[in-house]
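Okay, so here's the structure we're looking at.
If you read the sequence from its start, that first residue is 1, and numbering goes on from there. FYI, side chains are in, hydrogens and waters are out, and symmetry mates aren't considered; it's all heavy atoms of this structure.
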Amino acid sequence: MPNRPDPRFVALVSLGGGLGGVARFALTVFVPGAVGVFVINVLGSFLIGVLMGLVPRPLVRAFFGVGFLGGFTTFSSYAVAGRPLFLLLTPVCAVVAAFVGVRVTR
């Protein structure tokens, strides 16, 4: 029999993802276009690093990290909305931001 995911994990990721998507949309109202996508991805990556450095509980990480911040960051659309400069800067800055987030919390 295959392993089934913990229903609490699935529910928390789903709820967090929905809320993260709404937060992303709200931020793009104030910072539209490629710059907004860049800001969202770098900020979200930094917050993921902070979360991983501070929170040891798997269900909290599921809600905020995988769910909320996964829904908030929008790497799937940065290629569509981005200009060539942002296509290079976004992943580089996002990785640096996540690293800084972890380092700040340790």
Side-chain angles (χ1 to χ4, degrees):
M1 177 181 255
N3 291 336
R4 293 181 180 227
D6 182 345
R8 297 173 302 165
F9 181 84
V10 173
L12 288 170
V13 169
S14 299
L15 178 61
L19 294 172
V22 170
R24 177 184 64 223
F25 174 77
L27 188 56
T28 61
V29 169
F30 297 105
V31 187
V35 172
V37 171
F38 177 79
V39 168
I40 287 166
N41 287 334
V42 173
L43 175 62
S45 295
F46 173 77
L47 293 174
I48 288 170
V50 169
L51 178 73
M52 295 304 132
L54 287 179
V55 180
R57 297 184 175 189
L59 290 177
V60 175
R61 284 183 173 190
F63 176 77
F64 286 107
V66 179
F68 185 85
L69 292 171
F72 180 71
T73 57
T74 177
F75 285 96
S76 61
S77 66
Y78 94 96
V80 175
R83 296 183 177 99
L85 178 62
F86 287 113
L87 293 177
L88 175 64
L89 281 179
T90 297
V92 170
C93 290
V95 169
V96 169
F99 177 77
V100 170
V102 170
R103 296 292 293 173
V104 164
T105 59
R106 290 193 177 165

What are the two closest non-hydrogen atoms of Val10 and Pro5, and how far apart are they? CG2-CB, 3.8 Å
Do [X] and [Y] land in one hydrophobic cluster if side-chain heavy atoms of ILVMFWY residues count as linked below 4.5 Å?
X     : Y      : value
Val22 : Phe63  : no
Val60 : Leu12  : yes
Met52 : Val95  : no
Leu51 : Val96  : yes
Leu69 : Val102 : no

Do other residues, nucleotides or ligands put more than 12 heavy atoms under 6.0 Å from the CZ atom of Phe46? yes
Should Thr28 and Ile40 count as side-chain neighbours, where that means a heavy-atom distance under 4.5 Å?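 Counting from C-beta outward, Thr28 and Ile40 do come under 4.5 Å.
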What I'd like to find out is whether the side chain of Phe64 reaches to under 4.5 Å of the side chain of Leu47, using heavy atoms alone. no
Taken to the nearest 0.5 Å, the spacing of Leu88 CG from Cys93 SG works out to 8.5 Å
Distance from Thr74 atom OG1 to Phe38 atom CZ, nearest 0.5 Å? 14.0 Å
So, Arg61 side chain and Val55 main chain: donor-acceptor pair closer than 3.5 Å or not? yes
Intermediate values then yes/no, side chain to side chain contact (heavy atoms under 4.5 Å, CB included), Thr90 and Val42: CA-CA 7 Å; Thr90 297; Val42 173; 5.6 Å; no
